[in-house]
There are 2 protein chains.
Amino acid sequence: MMYPTRDETALWVALNLTQRKIYAAIDAALKTAGLPPLRWYDVLWELERAKDCGARAFELEAKLLFQQSNLSRLLQRMISGGLVEEFVFENDRRGKVIRITEKGSAVRKEMWEVYGPLIHKYMSKVPDPHELTNATAALTKIV
Amino acid sequence: MMYPTRDETALWVALNLTQRKIYAAIDAALKTAGLPPLRWYDVLWELERAKDCGARAFELEAKLLFQQSNLSRLLQRMISGGLVEEFVFENDRRGKVIRITEKGSAVRKEMWEVYGPLIHKYMSKVPDPHELTNATAALTKIV
DNA sequence: GACATATAGATGCATTTGCATCTACTATCT
DNA sequence: AGATAGTAGATGCAAATGCATCTATATGTC
């Protein structure tokens, strides 16, 4: 129960402004390109890495920090868009296994063509590699 | 038009996860305490700093990265909650001047009692002051 | 096996967001 | 002055979100 120092607050403020600003810019660029919102990318990428094994909804939820009901409905939208498929998980029939489709992979790649360069555009404003990894290390400590 | 390096991507991912996680934690704590959502704090704080001069909606929008219509409606909610007042800006009768009320100040203070310690809790996980300010400097460069 | 408890995910409903206007006023140009 | 374009903020409407609850299955206890 102690209040933050000026520098602690400054980091928190910078963290918010930076994230918010870049996130909005990327999301807008995706929209302009006629592609799905940025949050879809996280799911597609996670599923791509999971390959044929797929992933469970609750895993995505934890790893990508989704709220359960939001993820549930996002997956419904992705399924109706044909980007993702779901199957009953036979070892536990409450659960579903989620897998990316061919179309989902293709869309992810298209998204990356917009997303990747923008990540680079912003992150390369920290040109010194050490500064970059130090910043990452600091943020990682926090969580 | 160039793709990001691994380290650039790592920073972007860390930035997102850290922000999202802490933000959610703080917002949840405020809700538990029966206080308004975190985003209200930004507005209240900005108005508190503006003192009696108040602030224009479009200034808040730019500084706090709000979307225009969202801020407009947030201010409506804050007005009906009595935390904030608005007046016609006489030099330009399209505009409004927004000012914090006594009650708004009081609520901001209450929020800070929850918010402040949580900022400290998380940010103090980067104990070295240099690392902290370096991280802030890096993030600031990005924007 | 019967019963309580826990977990995976879906869903109803109220609130919030995003987008596209729309209104009111201001500034500029001729 | 009159017409034109620009800016501040509001608003209607569709979509997304958060919350609480619900259903179905699993697990653990007796």
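In what follows, chains are A, B, ... by sequence order, proteins preceding strands, each numbered from 1. In this text, all values refer to a predicted model and were calculated from it rather than measured experimentally.
Identified under the salt bridge (Lys or Arg N to Asp or Glu O under 4.0 Å) test for residues 85-100 of chain A, with sequence neighbours left out: A:Glu86-A:Lys96, A:Glu90-A:Arg93, A:Asp92-A:Arg94. Applying the side chain to side chain donor-acceptor pair (under 3.5 Å) test to residues at least two apart or on different chains, the pairs with a partner in residues 51-73 of chain A are A:Glu46-A:Lys63. Counting only residues at least two apart or in different chains, salt bridge (Lys or Arg N to Asp or Glu O under 4.0 Å) contacts with residues 134-143 of chain A comprise A:Lys141-B:Glu131.
For the pair A:Arg77 and A:Asp92, nearest-nucleotide mapping onto DNA chain D gives the more 5' position to A:Arg77. Each of A:Arg94 and B:Arg94 was assigned the nucleotide of DNA chain C with the nearest heavy atom; the assignment lying further toward the 5' end belongs to A:Arg94.
Side-chain N/O atoms of B:Asn70 include none lying less than 4.0 angstrom from OP1 or OP2 on C:dT16. Contact between the side-chain N/O atoms of B:Arg93 and the OP1/OP2 oxygens of C:dA24 is not found at any separation under 4.0 Å. Proximity of B:Lys31 to the phosphate of D:dC19: a side-chain N or O atom is located under 4.0 Å from OP1 or OP2. Taking only side-chain nitrogens and oxygens, A:Gln67 never comes nearer than 4.0 Å to OP1 or OP2 of D:dT17.
Atom pair A:Asp27:CG and D:dA15:P shows a separation of 17 Å (rounding to whole Å applied). In this structure, A:Glu90 places its CD atom 11 Å from P of D:dT25, rounding to the nearest Å. Whole-Å rounding puts the A:Phe58 CZ to D:dT25 P distance at 17 Å. Summarising the geometry, the separation between CD1 on B:Ile98 and P on D:dG9 is reported as 7 Å, rounded to the nearest angstrom. If you take CD of B:Glu59 and P of D:dA8, they are 10 Å apart, rounded to a whole angstrom. The interatomic distance linking A:Asn91 (CG) with C:dG9 (P) rounds to 13 Å, in whole Å. B:Glu61 has its CD atom 9 Å from the C1' atom of D:dG9, to the nearest Å.
No side-chain donor-acceptor contact under 3.5 Å links B:Thr18 to the backbone of B:Leu15.
Other members of the hydrophobic cluster containing A:Phe89, listed by chain and number, are A:Val97; membership follows side-chain contacts under 4.5 Å among ILVMFWY residues, whether direct or relayed. Grouped by direct or indirect side-chain proximity (heavy atoms under 4.5 Å, Ile/Leu/Val/Met/Phe/Trp/Tyr only), A:Phe58 sits alone. Side-chain heavy-atom separations under 4.5 angstrom define the hydrophobic clusters, and the remaining members of the one that includes A:Val13 are A:Leu17, B:Leu65.
Qualifying side chain to side chain donor-acceptor pair (under 3.5 Å) partners for B:Arg20, counting only residues two or more places apart in sequence or in other chains: none. Shown here are the side chain to side chain donor-acceptor pair (under 3.5 Å) partners of A:Asp42, two or more places apart in sequence or in another chain: A:Arg39.
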N/O contacts under 3.5 Å, protein versus nucleotides 10-13 of chain C?
| from | atom 1 | to | atom 2 | distance (Å) |
| --- | --- | --- | --- | --- |
| C:dA10 | OP1 | A:Lys96 | NZ | 3.2 |
| C:dA10 | OP2 | A:Ser72 | OG | 2.6 |
| C:dA10 | N7 | A:Gln68 | NE2 | 2.9 |
| C:dA10 | N6 | A:Gln68 | OE1 | 2.8 |
| C:dG12 | O6 | A:Arg73 | NH2 | 2.4 |

For residues 21-34 of chain B, please give each side-chain donor-acceptor pair under 3.5 Å, one per line with the distance, not counting sequence neighbours.
| from | atom 1 | to | atom 2 | distance (Å) |
| --- | --- | --- | --- | --- |
| B:Asp27 | OD1 | B:Leu38 | N | 2.8 |
| B:Thr32 | OG1 | B:Ala28 | O | 2.9 |

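Summarising the geometry, atom CD1 belonging to A:Ile142 is positioned 5.0 Å from atom CG belonging to A:Leu11; distances are rounded to the nearest 0.5 Å. With rounding to the nearest 0.5 angstrom, the CG atom of B:Leu47 is 5.5 Å from the CG atom of B:Leu60.
A heavy atom lying under 4.0 Å from DNA chain D marks none of the residues of residues 32-44 of chain A. Within a heavy-atom distance below 4.0 Å of DNA chain D, no residue of residues 49-56 of chain A is found.
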